[in-house]
Amino acid sequence: MALDSLGDWVRTSYSSNVTPENDGEEVTLFGWVQEVRDLGGIRFVILQDREGTIQVTIPKKKVAPEVLSKSDTLQKRYSVGVKGTVKKTNMTPRGIEVIPKEIKIFTTATEQLPIDITGKTPANIEARLDARALDLCLEQNAAAFKIQHHALAAIRDFLFEKGFLEVHTPRIIASATEGGAELFPVDYFGQKAYLAQSPQLYKEQLTMSLEKVFEVGPFFRAELSHTRRHLSEFVSVDIEQAFANAEDVMQLLERVIQYTCKTVKEECVKELSALKYKVTVPELPFKRFTYDEILNDLKKEDINIPWGEDIPTPAFRALGKERGYYYFITDWPTHAKAFYIKPKDGKPELCEGFDLMWRWIELVSGGTRIADKMLLMERMKEKGLNPNSFKYHLQAFDYGMPPHAGWAIGLERLTMVLTGKKNIREVSLYPRDRVRLTP
RNA sequence: GCCCAGGUAGUAUAGUUCGGUCCAGUAUAUGCGGCUGUCGCCCGCAGGACCCGGGUCCGAAUCCCGGCCUGGGCGCCA
């Protein structure tokens, strides 16, 4: 088939911008054929673009022969341009249709698509991810990413307003940031290096100069996790603030979350409706429970966690909804948290780390950090880490490390909460997990 | 890494209990034909599948073993 070029055509409107008030006007639309319904003497072509769909109506005896013959060849997913006249009508849900004067076909598509794009026979997540580029052409599948965009924009707005600087730290590092989690090794000009699991140490160092920083970016964990809420590559929204403690950054966090929910609820009406999901804006302050309180509540449910152990997922599920959807857990046992979390003054078995939970999902973790070099080295040793491998980090503590605190939001997990998606792979464009490396 | 359940046309499913009724049914998609107001259009026709390897058996989609993959859960982790 002879394909058309863009030529001098310029889009005048997205589908959603055309309203009955444009009756009689000429528009140039770009997009894709979503569906062709041919009734014999009349043909309906549903044109889709990023913002929605619009009906192009072709009364076969009334349009120009070139338009008719072009429209004869149209198939699903052809990339097309339509120049035509807007007509007010009560025959379509939108109250308008477009009668074409000229149609351009830019590219074609295979006859048999790998997934059903009309939504009549929804595909499984696996088939969808294998054909992700096409999968995202479905409104309800793209919706989660539009919501993620607005959520991240809200977070950025809020942090900029509070005086945070956006920074970028290395993804390629020489040694483990935190110990614990498994790292992906990479070859760095013959040296052994790793993909970063977190910006933790760098963002802490930046508090002694830039004071309030945040970073949004991907991080990598080589864990063999097999759950609905783990990815090998995930996006973290990290902040770190000088001259602040856990309570300060918890207050910042709950406002960030509230503002984000409010923004998404207001700006993503169409997307939320496509997802059939409602976002509720949480009240402030979020409830705060200590680790001991959670353990006591679990005892009432006949779940006994020995003091000092991490709280397993089934225990969180058992706690039910009465805790509210968002809640903090504070006062964790020091040894259950990372080495850089500050033990409580006068009660060193507890620490100033916290988690923000959404029901049973850990959304955010954070805390007051240790600013004292000797104490930090002590904690490293207790965790079985060798302070020598952190010498570049530790030297920063010789130059006036301020008291500081911070947190990290798992962006995909937040997106799950904002979209109602139950599998984290739905809210990652091209998810990477233990077995999936493509597309 | 462990436990449970699975893997059937492009997609989604029925059939597996108790091997023969299944050269595998249905919907949707695709192709061809028809239809002037559809919007999950409708009608007719056509082609299209039992995850891979091995085993048992007269006979395997169905039973057994191994592998790979998927869903759910656990662990690890965040």
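Numbers restart at 1 for each chain; the letters A, B, ... are given by sequence-line order, proteins then strands.
Relative to the side chain of A/Glu126, the nucleotides B/A12, B/U70, B/G37 differ in distance, and B/U70 lies closest. Taking only side-chain atoms of A/Leu224, from C-beta outward, the nucleotide of B/G37, B/C41, B/G1 with the closest atom is B/G1. For A/Lys76, whose side chain is taken as the heavy atoms from C-beta onward, the closest listed nucleotide among B/G37, B/U30, B/C77 is B/U30. The side chain of A/Arg37 approaches B/C41 more closely than any other nucleotide in the set B/C77, B/C41, B/G37. Listed nucleotides B/G31, B/C41, B/G72 differ in distance to A/Glu111; the shortest reach to its side chain belongs to B/G31. Considering only side-chain atoms of A/Ala123, the nucleotide from B/A12, B/G37, B/G1 that sits closest is B/A12. Relative to the side chain of A/Glu223, the nucleotides B/G10, B/G37, B/C76 differ in distance, and B/C76 lies closest. Residue A/Asp116 places its side chain closer to B/G10 than to any other of B/G37, B/C74, B/G10. If you check B/C76, B/G75, B/U38 against the side chain of A/Pro314, the one that comes closest is B/G75. Here the nucleotide nearest the side chain of A/Thr227, chosen from B/C39, B/C76, B/U28, is B/C76.
Applying the 3.5 Å distance criterion, the base of B/C39 shares no donor-acceptor pair with the side chain of A/Thr92. A donor-acceptor contact under 3.5 Å is formed by the side chain of A/Arg434 with the base of B/G1. Side-chain atoms of A/Gln112 and base atoms of B/U11 include no donor and acceptor less than 3.5 Å apart.
Across all strands, A/Gln55 comes closer than 4.0 Å to base atoms (heavy-atom distances). Contact annotation for A/Lys61: base contact, defined as any heavy-atom pair under 4.0 Å involving a base atom. Residue A/Asn124 is classed as a sugar-phosphate contact, given heavy-atom separations below 4.0 Å to backbone atoms only. Residue A/Leu363 is out of contact with every strand shown, counting any heavy-atom pair closer than 4.0 Å. A/Ile361 comes within 4.0 angstrom of no nucleic acid atom, judged by non-hydrogen atoms across all strands. Base engagement by A/Glu97 is indicated by at least one non-hydrogen atom pair under 4.0 Å involving a base atom. Residue A/Phe219 is classed as having no contact, given no heavy-atom separation below 4.0 Å to the nucleic acid. Within 4.0 Å (heavy atoms only), A/Val435 reaches sugar-phosphate atoms of the nucleic acid but no base atom. Counting any heavy atom pair closer than 4.0 Å across all strands shown, A/Pro93 reaches a base atom. No engagement by A/Thr110 is indicated, since no non-hydrogen atom pair under 4.0 Å with the nucleic acid exists.
Taking atom C1' on both nucleotides, B/G75 is separated from B/C68 by 23 Å, rounded to a whole Å. For the P atom pair drawn from B/G53 and B/A60, the interatomic distance equals 15 Å after rounding to whole Å. Here the separation of B/G48 from B/U36, taken at their C1' atoms, is 33 Å to the nearest Å. On the C1' atoms, B/G40 is 45 Å away from B/C76, given to the nearest whole Å. B/C23 and B/G6 have their C1' atoms separated by 26 Å, given to the nearest Å. One P atom belongs to B/C41, the other to B/A27, and the distance between them is 16 Å to the nearest Å. Distance check on atom P: B/C51 versus B/A61 gives 10 Å, rounded to whole Å. For the C1' atoms, the distance from B/G25 to B/U8 is 11 Å, rounded to whole Å.
B/A46 is paired with B/U30 under the Watson-Crick or G-U wobble criterion, all donor-acceptor distances under 3.5 Å. For B/G6, the paired nucleotide is B/C69, the pair qualifying as Watson-Crick or G-U wobble because both relevant distances are below 3.5 Å. Taking a pair to require two hydrogen-bonding distances under 3.5 Å in either a Watson-Crick or a G-U wobble arrangement, B/C74 pairs with B/G1.
A/Glu25 and A/Asn22 share a donor-acceptor pair across their side chains, judged by distance under 3.5 Å alone. No hydrogens or angles considered: a donor-acceptor pair under 3.5 Å links the side chains of A/Thr415 and A/Gln148. Side-chain contact of A/Trp307 with A/Asp292: a donor-acceptor pair under 3.5 Å is present, judged by distance alone. Checked by atom type, the side-chain pair A/Arg288/A/Thr330 shows no donor-acceptor distance below 3.5 Å. Side-chain atoms of A/Glu204 and A/His404 form a donor-acceptor pair, as typed in the model, at a separation below 3.5 Å.
For the ring-ring contact (aromatic ring centres under 6.0 Å, His included) test with A/Phe30, the passing option among A/Tyr78, A/Tyr14, A/Phe106 is A/Phe106; the others fail.
One atom, CD of A/Gln34, and another, P of B/C41, lie 10 Å apart when rounded to the nearest Å. Rounded to whole angstrom, the span from the CZ atom of A/Arg229 across to the C1' atom of B/G72 amounts to 12 Å. Between A/Asn90 atom CG and B/C39 atom C1' the separation is 14 Å, expressed in whole Å. Between the CH2 atom of A/Trp360 and the C1' atom of B/G72 there is a distance of 13 Å, rounded to whole Å. Straight-line distance from the CD1 atom of A/Ile58 to the P atom of B/U36: 15 Å, rounded to whole Å. With rounding to whole Å, A/Ile46 atom CD1 is found 12 Å from B/G37 atom C1'. Rounded to a whole Å, the CG atom of A/Leu113 is 13 Å from the C1' atom of B/U28. Atoms CG (A/Asp38) and P (B/G31) sit 12 Å apart, rounded to a whole Å.
Using a cut-off of 4.0 Å between Lys/Arg side-chain N and Asp/Glu carboxylate O, A/Glu215 and A/Arg171 are scored as salt-bridged.
Closest approach of A/Ile361 to A/Arg229, counting heavy atoms only: CG1-CD, 4.3 Å.
Proximity of A/Gln75 to the phosphate of B/G31: a side-chain N or O atom is located under 4.0 Å from OP1 or OP2. Residue A/Lys120 has a polar side-chain atom (N or O) positioned under 4.0 Å from OP1 or OP2 of B/C41. Contact between the side-chain N/O atoms of A/Arg77 and the OP1/OP2 oxygens of B/A29 is not found at any separation under 4.0 Å. The phosphate of B/U11 (OP1 or OP2) has no side-chain N or O of A/Arg128 nearer than 4.0 angstrom.
For A/Tyr259 and A/Phe158, the ring centers sit closer than 6.0 Å to each other. Aromatic ring centres of A/Phe354 and A/Phe286: separated by at least 6.0 Å.
Annotation: of the two residues near RNA chain B, A/Asn423 and A/Ile115, the 5′-most nearest-nucleotide partner is A/Ile115. A residue-by-residue look at A/Pro122 and A/Thr57 shows that A/Pro122 has its nearest nucleotide of RNA chain B further toward the 5' end.
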